[in-house]
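Here's the structure we're looking at; comments come further down.
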Amino acid sequence: MSAWNHRHLLGLEDLSREEILTILDRADAYAREPEGPPRPVLKGKVVVQLFFEPSTRTRISFGRAARRLGADTIDFTVSGSSVSKGESFIDTARNIEAMGADLIVVRHSTPGTPHLLAKHLRCGVVNAGDGAHEHPTQGLLDILTIRRKKGHIEGLTVGLVGDIAHSRVARSNIHGLRKLGARLIVCGPPTLVPQYLTTLGVEIAYHLDAILPQCDVINVLRIQFERQRSGLFPSIHEYAHLFGMNRERLALAKPDLLLLAPGPINRGVELTPEVADGPHSAILEQVSNGVAVRMAVLELLAQAREA
Amino acid sequence: MSAWNHRHLLGLEDLSREEILTILDRADAYAREPEGPPRPVLKGKVVVQLFFEPSTRTRISFGRAARRLGADTIDFTVSGSSVSKGESFIDTARNIEAMGADLIVVRHSTPGTPHLLAKHLRCGVVNAGDGAHEHPTQGLLDILTIRRKKGHIEGLTVGLVGDIAHSRVARSNIHGLRKLGARLIVCGPPTLVPQYLTTLGVEIAYHLDAILPQCDVINVLRIQFERQRSGLFPSIHEYAHLFGMNRERLALAKPDLLLLAPGPINRGVELTPEVADGPHSAILEQVSNGVAVRMAVLELLAQAREA
Amino acid sequence: MSAWNHRHLLGLEDLSREEILTILDRADAYAREPEGPPRPVLKGKVVVQLFFEPSTRTRISFGRAARRLGADTIDFTVSGSSVSKGESFIDTARNIEAMGADLIVVRHSTPGTPHLLAKHLRCGVVNAGDGAHEHPTQGLLDILTIRRKKGHIEGLTVGLVGDIAHSRVARSNIHGLRKLGARLIVCGPPTLVPQYLTTLGVEIAYHLDAILPQCDVINVLRIQFERQRSGLFPSIHEYAHLFGMNRERLALAKPDLLLLAPGPINRGVELTPEVADGPHSAILEQVSNGVAVRMAVLELLAQAREA
């Protein structure tokens, strides 16, 4: 319980190495006992999910995490809400807080929305994805999955493959993994890999086959098909040919390569089905670790609020 | 607790007479104490409802049943989910399982969807309606209602009236009631009554007035108006005239005729309001028994998983 | 626990002064301990929210209140329900009751819908807004907020400002505050203030500046912009000029004026931001008090059902 005194989790950029390790250690304990005894550390607390973008797994995962800790959960999605009556975003959030919310989990297409909420609310705020900025619990669950599979992070070479430019998952992975001492290579079509990432201590590559032999971990980001329509890459087929993980490409990799994908995946694009379901893949472990990470985050934030 | 070792409930076709009786006996106990003491036999378990078709009563009924047994419930409907991001059905289900689901209740317009899930998942699967195939908990609640009202099933003559061809409820009733020894007559317009049902030991009739005097129970299936638009029967008015239950028709029936309707009903079509709300009708008992049946099913499946 | 033996809460018009005070006293106790020890007085009970109009705060507030008292809650909104299959409103409600509902919280655009339900159901019914008729828990939370801020109701002068004609909140405020001995002035454009309200013991005014100096409390009703489009007042700008609460107008008021707004508010129309967030405003206390009022109502109704 040492290194933690934040009342919000807005991004991994804001956390120290020790704070990230505090979350990971706690999450690891939860991951080891997925059906363990109840830990009602949030008994009587209220966790509100305020989602302005569609979500399956993140929303369900946070809800499950909160209730496993004994909290009451409230789902607030845009449809059917007062937002359609013209109420301002901050007023909506303040109202939710006034109903007794202790923690608000927010997803919004505008970067910085969670920071805005944190400034205006007394309750704790968790960023569940803000535009292309950060998605810290996804970054943490990727990192936890790597650590549980590899035993450590420091010294590993991790390749992030795909649409780096528009990916909040990429950004959270970069901040987290760099702080824990991994070497990071981002790889994708030049239109989808921004040059400024080198300032974050990241290496840039455009050919997956060239970096694959060096990687201990490959994290395959989701391709959003609308990027192709907007001309950022030539065709889905060509993308899959150059950057998709398939059996032939796996032959170039280390024998113990670990494959992650934050999902939802497009089978046959980022990964062939045989690779997605094969022995290198930890896709479903990521999902399970996600609940554990969110339990750890909610618990630490609630404790910081009480301290 | 004797005759049960299935990890899934996919259809009544798959169950033995003894297995059906095991569910009915357990459900009967729950039905007798609707506000009884809490029975947290699913404490710490997670029941996910994965619905790809709209539903009121089935979804609410399963949710209520699960929470009365102490489970955490997660509602997953198509809108606002990753399915819109192109994720495959099985990937969605596997992700839900990885978040800790113990039992998945699934409704889908494609027959066989629950069987597909059962093949790919480790958790238990309950069919809450798969196309025109089966809806086993509806069949069980119909049968439970008959048994509670009549005291037995064996030897009863049960008429199933309406759109037999497109009804998963009809199919589950037929399998369940035949195994328990009832005589079954299906009755409706020839376009809505498939001939092959005779191979299931069912009699076929086209004139309700002709069979009504023999029936101890009439189960009135819902007419979906789009069938009329597609030419399968001439008009709603004529349908109501030939197959609707009204006061005049009731005069032809046994004095203790039991009337069921799985609902939602179209008042004035399948039943006149005075019949729907009259002394023969057990429509609302069916709904109450539905919660009891689902409690029994969820409990038996959870126990089979642990065994 | 003295003055309460209603099984439904349909409107404040139906309640005596003593009954209103019974609710307020109980609600006040809950409001004093927002994070107090659990009071599972509704343990094992089922509260269903049957909403036929969009709602954020009312729906979440009732849900939170019910679960803080230990109830299971079921959300039933129109979309994705059997109502789209043509089922009658009463049949839907009876089905929900048959699944075990103890209390149904209903919102509907048709005045009298909760009364209709109360007539046809055995379970308790709470009106969460029926057209322009009543919204009793909103009225109660406004009154509770006044009493907690001012210490009493009797003898206070309360101004209700805005669209009185179409406001269920106005009607519930009027019935409740009159019974508790407040002087009430309704104020708005002549097209939005019906003359018949004088029969309820209410004074009518058309100029806010004229009544403001006499008021201890101003309750600012929401303007629905579609009223302007339908010609009931000339322009949003002119409305804000004549009836909006701003800093200049506040200078005319008593120094301890209390400002309420049932929300969601249109900032810059009914209130300027500096007034909405200023020292006179109790908007967020209203929201918090709303949960306490709903806890009190649900508890009293559940007790009356058992008695």
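Chain A is the first sequence line, chain B the second, and so forth, proteins listed ahead of strands; every chain is numbered from 1.
Residue-level contacts of residues 137-147 of chain A with chain B do not occur; threshold 4.5 Å between heavy atoms. Contacts between residues 113-121 of chain B and chain A, defined by a heavy-atom separation under 4.5 Å, are made by no residue at all.
Note: B/Asp72 leads B/Asp72, B/Asp102, B/Ile74, B/Asp75 in heavy-atom pairs under 4.5 Å with chain A. Between chain B and the options A/Val291, A/Asp277, A/Ile60, the largest number of non-hydrogen pairs under 4.5 Å is found for A/Ile60.
Contacts of B/Lys45 with chain A are made by side-chain atoms alone, with heavy-atom separations under 4.5 Å and no backbone atom involved. In this structure, chain A has a heavy atom under 4.5 Å from the side chain of B/Val46, while its backbone stays farther away.
Listed here is the closest heavy atom pair of A/Arg64 and B/Met99: CG-O, 3.8 Å. Residues B/Ala98 and A/Leu284 approach most closely at CB-O, 3.6 Å, considering heavy atoms.
Between the OG atom in A/Ser288 and the CG atom in B/Asn95 there is a gap of 9.0 Å [rounded to 0.5 Å].
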